[in-house]
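Notes to accompany the following structure.
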Amino acid sequence: PIGTLLARFTATYTDFDRVRGADHMAGFPPEVAAPERCIPIGDAAPQDYELRKRLDLRLDPTCIHWGLGGIHEVNRLKGWVRLEDGRDPDPISLLLFVDIFPPPATLRFGHAGWVPTLELTVHLRGKPAPGYLRCQTQTRFVTNGILEEEAELWDSRGRLVAMSRQLAKIRLPE
């Protein structure tokens with residue numbers, strides 16, 4: 001409808017080549033099987049999306065049961081992502097990569113059909129090194145159909161380059 005706010009975007013920018021400061025890590029990159037041992041998402045997905053066809057997105061073999069539903073202690077997916085054409089990742093591609101994995105809630109609820117994002121916050125931490133990005137996404141809480149999803153992207157040098165948190169609504173079939 002005309003005059004109705006549908007989306008709001010806020011951004012803050014920096015030059016990563018000039019950022020200096022202390023480093024401390026209390027977390028580590030997730031353990032993920034080598035990319036060649038992981039399953040391409042097109043082989044694991046019941047339906048693939050045009051956007052995903054432009055990416056080399058691979059799920060760790062321990063996550064192959066995603067989308068089947070059931071009881072899982074941790075709703076976590078992990079794997080690798082890069083652009084299909086082999087171009088190196090850049091900060092702009094990180095904005096896409098934090099939200100390209102299937103929703104981790106599919107481990108609990110199966111394929112929900114649609115899990116629309118209500119709010120997404122992305123924190124870029126630096127320029128990624130060339131190569132695959134190691135990824136982990138998880139959902140810990142689903143309350144009244146509203147879930148949170150957290151993502152981490154680690155570059156080929158083992159540096160955290162992006163984090164995100166989003167709220168979404170899981171839409172289960174009737």
Side-chain angles (χ1 to χ4, degrees), residues 7-41 51-52 54-66 72-84 86-108 115-143 146-170:
R8 178 176 300 185
F9 300 89
T10 304
T12 303
Y13 300 92
T14 191
D15 180 351
F16 286 122
D17 292 329
R18 297 178 59 188
V19 174
R20 301 289 180 260
D23 288 333
H24 170 74
M25 296 284 240
F28 303 95
E31 290 192 25
V32 181
E36 58 275 5
R37 292 194 39 237
C38 289
I39 295 93
I41 191 72
L51 182 58
R52 285 194 186 141
R54 298 178 189 278
L55 304 174
D56 182 356
L57 179 63
R58 298 165 180 257
L59 288 176
D60 187 273
T62 62
C63 300
I64 196 58
H65 53 279
W66 77 275
H72 300 278
E73 248 181 71
V74 178
N75 292 326
R76 180 179 299 134
L77 291 172
K78 57 187 181 175
W80 302 94
V81 66
R82 69 177 179 181
L83 296 166
E84 182 64 38
R87 282 182 292 149
D88 290 331
D90 60 26
I92 298 298
S93 66
L94 299 178
L95 299 172
L96 168 65
F97 295 160
V98 296
D99 193 31
I100 201 63
F101 270 69
T106 60
L107 292 167
R108 168 81 53 173
V115 184
T117 299
L118 304 173
E119 187 274 336
L120 172 64
T121 299
V122 181
H123 297 275
L124 299 183
R125 298 297 189 97
K127 284 185 180 177
Y132 276 103
L133 293 162
R134 184 184 307 238
C135 307
Q136 176 173 276
T137 63
Q138 71 176 355
T139 292
R140 296 183 307 145
F141 305 103
V142 179
T143 307
I146 303 292
L147 60 91
E148 100 291 338
E149 181 178 317
E150 297 173 333
E152 298 173 359
L153 299 179
W154 301 78
D155 72 8
S156 59
R157 293 186 185 135
R159 293 178 311 131
L160 181 68
V161 292
M163 300 172 71
S164 70
R165 182 172 177 91
Q166 71 174 286
L167 291 178
K169 173 75 173 166
I170 190 161

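Just so it is clear, the model here is predicted, and its values are computed rather than measured.
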Carboxylate-amine/guanidinium proximity below 4.0 Å for Arg54 and Glu84:
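No salt bridge links Arg54 with Glu84.
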
When you check the gap from the basic side-chain N to the acidic O, do Arg82 and Asp88 get nearer than 4.0 Å?
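Between Asp88 and Arg82 there is no salt bridge, as every charged N stays at least 4.0 Å from the carboxylate O atoms.
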
For atom CD1 of Ile92, decide whether the heavy atoms of other residues, nucleotides or ligands shown that lie under 6.0 angstrom number more than 12.
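No, the 6.0 Å shell around CD1 holds no more than 12 heavy atoms from other groups.
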
Do [X] and [Y] come close enough that some side-chain heavy atom pair is under 4.5 Å?
| X | Y | result |
| --- | --- | --- |
| Val81 | Asp56 | no |
| Leu147 | Val115 | yes |
| Arg140 | Glu148 | yes |
| His123 | Ser164 | no |
| Thr62 | Val32 | no |
| Leu118 | Ile146 | yes |
| Leu124 | Thr14 | no |
| Leu83 | Pro89 | no |

Between Asp60 and Arg37, is the salt bridge (charged side-chain N to carboxylate O under 4.0 Å, His left out) condition met? List the steps.
CA-CA 8 Å; Asp60 187 273; Arg37 292 194 39 237; over 6 Å; no

Can you name the nearest heavy-atom pair linking [X] to [Y], along with the distance?
| X | Y | value |
| --- | --- | --- |
| Pro130 | Ser156 | O-OG, 2.6 Å |
| Arg58 | Tyr132 | NE-OH, 3.1 Å |
| Cys63 | Arg76 | SG-O, 3.9 Å |
| Trp80 | Ala33 | NE1-O, 2.6 Å |
| Pro102 | Leu77 | O-CD1, 3.2 Å |
| Thr139 | Val142 | CG2-CG2, 4.0 Å |

What distance separates [X] [atom1] from [Y] [atom2], expressed to the nearest 0.5 Å?
| X | Y | atom1 | atom2 | result |
| --- | --- | --- | --- | --- |
| Cys135 | Leu57 | SG | CG | 7.5 Å |
| Leu133 | Trp154 | CG | CH2 | 12.0 Å |
| Glu150 | Glu152 | CD | CD | 8.0 Å |

Residue pair Leu96, Leu55: steps toward the side-chain contact (heavy atoms from CB on, under 4.5 Å) verdict
CA-CA 10 Å; Leu96 168 65; Leu55 304 174; 4.2 Å; yes

Report all side-chain donor-acceptor pairs from residues 21-31 shorter than 3.5 Å, counting only partners two or more places apart or in another chain.
none

Under the side chain to side chain donor-acceptor pair (under 3.5 Å) test, residues paired with Arg87 that sit two or more places apart
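Testing Arg87 for side chain to side chain donor-acceptor pair (under 3.5 Å), a comparison that skips the adjacent residues, returns Asp85.
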
Flag, side chain of Gln136 to backbone of Leu153, donor-acceptor distance under 3.5 Å:
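No, the answer is negative, given that no donor and acceptor are paired below the 3.5 Å cut-off.
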
Tell me which pairs pass salt bridge (charged side-chain N to carboxylate O under 4.0 Å, His left out) where either residue lies in residues 116-126, with sequence neighbours left out.
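As it turns out, there is no salt bridge (charged side-chain N to carboxylate O under 4.0 Å, His left out) pair with a partner in residues 116-126 once direct neighbours are skipped.
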
So which of Lys169, Glu149, Gln166 actually passes side chain to side chain donor-acceptor pair (under 3.5 Å) with Thr117?
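Considering Lys169, Glu149, Gln166, a side chain to side chain donor-acceptor pair (under 3.5 Å) with Thr117 is found only for Gln166.
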
Pick out which of Asp90, Asp17, Asp15 makes a salt bridge (Lys or Arg N to Asp or Glu O under 4.0 Å) with Lys127.
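Result: among Asp90, Asp17, Asp15, Asp17 is the only option passing the salt bridge (Lys or Arg N to Asp or Glu O under 4.0 Å) with Lys127.
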
